[in-house]
Colleague: 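Dumping the structure here so I can ask a few things about it.
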Amino acid sequence: MRGIKIGTAFGIPIRLNWTFLIVLPLFAYLIGSQVGMIAEVMNEVAGLGIDAGAVAAGNTPWLLGLSAAVGLFVGVLLHEFGHSLVAMRYGYEIESITLWLLGGLASFAEFPEDWKHEFWIAIAGPLVSVAVGVACYGVVLVAAGGSNAVLFVFGYLALLNVVLAVFNMLPAFPMDGGRVLRALLARNQPHAQATQRAASVGKVFAFLMGIIGLFSFQLLLIVLAFFIYIAASGEAQQTTLKATFEGVTVTDVMTPREQLHTVTEDTSVADLMSRMFEERHTGYPVLDGDELVGMVTLEDARSVREVERDAYRVDEVMATDLVAVDPSADALTALQTMQEHGVGRLPVVGGEGELVGLISRSDLMTAFNIIQTGGTPGVISGRRQQAGDEPGIF
């Protein structure tokens, strides 16, 4: 998740996503508009003795609303540091902590698969929130009979941080409680299977949150439900892919060089269009000997007017800014590279710049289906040819 970097703590960049700039004043307004009611509730629950009339007078509600909203996000930030510092103790890299619409998000370079690591990392955040809540209540006790503003802000933060801890412990994967659930499930079953089961529970909770949010007109709860559902589905899919492609390299999956259709730089655009029609291909790697120098597609050829296609060569229209992958790279790395760059296939290039193959989404999905049904990387190429797949088609 992208955001504006505002600082670094413990070597972790802290960022603000643009949605935070919307939700902070919104929270400040919501709290400020209900200061009197909130004060009365806290007086009844905890006997704080806040003068509800005093905190609701003049501009005080808006100042208290802003202070409480900022304090709430400070608590969220500390919550994420709880996760992050425990993760770093176990040797995991934290790329950043971002404050955004739904609170905070610690970005891990790699999620833990050791169930004990995940359990303590997940539970650390809620424990920090409880500790912050207790500390805020300690301030309330010390300031008893003092400033109404101090009693209101710290009383509110004491309550909200404990509520935050309890809410996060709901078993709605990928929330903290859902990650604790996955960790406990992973004690005696494969990590991917534990993820699938935790994600299923998370989706049920997301559905219930969405229904409650819909009937209570709580837009934020509806947004949270969508986030949980999508995030649970995405992480379950990613975990399944990682488990399936463990130990599988690009070489195991790619269409090898000898099965590819290629063109040279000096091929005319007219000849290229003829080959596309005859071979039913819409794209080709462009070679200079064995070296890959570009990729040319039907869209590139169409950029030349029909009457000029005999005069133009492939090297005048081809793309040369290529994203390639090494043959020894993990198959999952190739898929992630395709997703990052929005492409459907990648040339596989050796150490000398020579083209050794091409890997596509269809290659990876064929491999995925074969491995899922008990096959091995060694039979993928044979199965692809038996199925009649055309190698190298764009």
Side-chain angles (χ1 to χ4, degrees), residues 245 248-370 377 380-394:
F245 285 128
V248 179
T249 66
V250 168
T251 300
D252 295 324
V253 180
M254 72 181 187
T255 301
R257 163 71 180 84
E258 56 270 17
Q259 295 180 18
L260 292 177
H261 294 272
T262 63
V263 296
T264 59
E265 296 173 282
D266 57 1
T267 302
S268 71
V269 173
D271 288 342
L272 173 67
M273 293 290 284
S274 296
R275 283 193 59 182
M276 286 181 173
F277 179 78
E278 293 167 4
E279 298 171 356
R280 298 183 303 282
H281 287 223
T282 58
Y284 293 83
V286 184
L287 300 184
D288 179 5
D290 287 330
E291 182 182 355
L292 178 71
V293 293
M295 301 283 280
V296 64
T297 67
L298 178 60
E299 290 302 313
D300 297 325
R302 281 176 175 169
S303 66
V304 180
R305 292 191 302 170
E306 186 174 355
V307 295
E308 298 177 333
R309 288 173 183 167
D310 280 316
Y312 276 81
R313 305 191 323 168
V314 164
D315 63 355
E316 296 176 277
V317 297
M318 69 183 185
T320 57
D321 185 16
L322 304 179
V323 180
V325 65
D326 189 270
S328 63
D330 295 335
L332 186 60
T333 299
L335 179 59
Q336 290 169 340
T337 302
M338 291 180 198
Q339 293 171 337
E340 289 171 6
H341 294 274
V343 296
R345 63 202 60 232
L346 296 171
V348 184
V349 178
E352 302 296 325
E354 74 280 9
L355 179 70
V356 297
L358 196 73
I359 185 169
S360 67
R361 290 180 187 268
S362 61
D363 292 331
L364 288 162
M365 290 305 100
T366 298
F368 177 82
N369 290 331
I370 291 173
I380 293 169
S381 179
R383 282 285 297 274
R384 181 172 54 234
Q385 293 305 313
Q386 290 172 16
D389 292 348
E390 288 286 344
I393 295 178
F394 274 58

Colleague: Please find the pair of heavy atoms, one from A334 and one from V325, that lie closest to each other, and give the distance.
Modeller: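 Here A334 and V325 meet closest at CB-CG2, 4.4 Å.
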
Colleague: Could you pull out the closest heavy-atom pair between L292 and P285, with the gap in Å?
Modeller: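 Scanning both residues, the minimum pair turns out to be CD1-CB, 3.8 Å.
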
Colleague: Using 30° and 60° as the class limits, which term best fits the ring planes of Y284 and H261: parallel, tilted or perpendicular?
Modeller: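 Plane angle over 60°, so perpendicular.
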
Colleague: Any carboxylate oxygen within less than 4.0 angstrom of a Lys/Arg side-chain nitrogen, looking at E299 and R302?
Modeller: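 R302 and E299: salt-bridged.
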
Colleague: Find out whether V263 and V296 are in side-chain contact, i.e. whether some heavy atom of one side chain is under 4.5 Å from a heavy atom of the other.
Modeller: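 Side chain of V263 against side chain of V296, heavy atoms only: contact under 4.5 Å found.
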
Colleague: Taking atom CG as the centre, does N369 end up with more than 12 heavy-atom neighbours from other residues, nucleotides or ligands that are less than 6.0 angstrom away?
Modeller: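 Yes, the 6.0 Å shell around CG holds more than 12 heavy atoms from other groups.
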
Colleague: Side chain to side chain contact (heavy atoms under 4.5 Å, CB included) with V314: which of T264, D271, V286, D266?
Modeller: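 Result: among T264, D271, V286, D266, V286 is the only option passing the side chain to side chain contact (heavy atoms under 4.5 Å, CB included) with V314.
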
Colleague: Please report the interatomic distance CG(L287) to OG1(T262), rounded to the nearest 0.5 Å.
Modeller: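 Between atom CG of L287 and atom OG1 of T262 there are 4.5 Å.
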
Colleague: List the atom of A270, the atom of D310, and the distance in Å for their closest heavy-atom pair.
Modeller: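 The pair with the smallest heavy-atom distance is CB-OD1, 3.2 Å.
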
Colleague: In Å, rounded to the nearest 0.5 Å, how long is the span from OG1 of T337 to CG of L346?
Modeller: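 If we round to the nearest 0.5 Å, T337:OG1 and L346:CG are 6.0 Å apart.
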
Colleague: Give the minimum heavy-atom separation between T251 and S328, together with the two atoms involved.
Modeller: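 So the two residues come closest at OG1-N, 4.4 Å.
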
Colleague: Look at atom CD of E306 and say whether more than 12 heavy atoms of other residues, nucleotides or ligands are closer to it than 6.0 Å.
Modeller: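 No.
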
Colleague: Distance check, rounded to the nearest 0.5 Å: E354 atom CD versus D288 atom CG?
Modeller: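 It is 13.0 Å, given to the nearest 0.5 Å.
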
Colleague: Looking at CZ of R345 and CE of M338, how far apart are the two atoms once the value is rounded to the nearest 0.5 Å?
Modeller: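 With rounding to 0.5 Å, CZ (R345) is 8.0 Å from CE (M338).
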
Colleague: Got a sec, which pairs hit side-chain hydrogen bond (donor to acceptor under 3.5 Å, both in side chains) with one end in residues 315-324, sequence neighbours left out?
Modeller: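 Of all non-adjacent pairs touching residues 315-324, those that pass side-chain hydrogen bond (donor to acceptor under 3.5 Å, both in side chains) are R313-D315.
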
Colleague: Look up atom CD in E278 and atom CE in M273, then write down how far apart they are to the nearest 0.5 Å.
Modeller: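 One finds 12.0 Å between CD of E278 and CE of M273.
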
Colleague: Under the criterion side chain to side chain contact (heavy atoms under 4.5 Å, CB included), I'd like the reasoning laid out for M254 against L358: C-alpha separation, chi angles, the key distance, then a yes or no.
Modeller: CA-CA 5 Å; M254 72 181 187; L358 196 73; over 6 Å; no

Colleague: Checking side chain to side chain contact (heavy atoms under 4.5 Å, CB included) for the pair L355/D290: CA distance, chi angles, key distance, verdict?
Modeller: CA-CA 6 Å; L355 179 70; D290 287 330; over 6 Å; no

Colleague: Could you tell me if the side chain of V349 sits less than 4.5 Å from the side chain of V356, heavy atoms only?
Modeller: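 V356 vs V349: side chains apart.
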
Colleague: Kindly indicate whether the side chain of V317, heavy atoms from C-beta on, has any atom under 4.5 Å from the side chain of S303.
Modeller: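 Yes, close enough: below the 4.5 Å cut-off.
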
Colleague: Mind checking the CZ-CG spacing from F277 to L272? Nearest 0.5 Å is all I need.
Modeller: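 Interatomic distance, F277 CZ to L272 CG, rounded to 0.5 Å: 14.0 Å.
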
Colleague: What residue among L335, T366, V348, D363 forms side chain to side chain contact (heavy atoms under 4.5 Å, CB included) with V253?
Modeller: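 Only one option passes, and that is D363.
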
Colleague: Does the side chain of V293 reach to within under 4.5 Å of the side chain of M318, using non-hydrogen atoms?
Modeller: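 Counting from C-beta outward, V293 and M318 do come under 4.5 Å.
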
Colleague: Side chain to side chain contact (heavy atoms under 4.5 Å, CB included), that's the test. Do L364 and I359 meet it? Break it down for me.
Modeller: CA-CA 8 Å; L364 288 162; I359 185 169; 3.9 Å; yes

Colleague: Kindly indicate whether the side chain of E340, heavy atoms from C-beta on, has any atom under 4.5 Å from the side chain of V323.
Modeller: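 Side-chain contact under 4.5 Å: no.
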
Colleague: Indicate yes or no: at least one non-hydrogen side-chain atom of M276 is less than 4.5 angstrom from one of T282.
Modeller: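 SC-SC contact between M276 and T282 ruled out.
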
Colleague: Does the pair D252 and T249 meet the rule for a side-chain hydrogen bond (donor to acceptor under 3.5 Å, both in side chains), with working shown?
Modeller: CA-CA 5 Å; D252 295 324; T249 66; 3.2 Å; yes

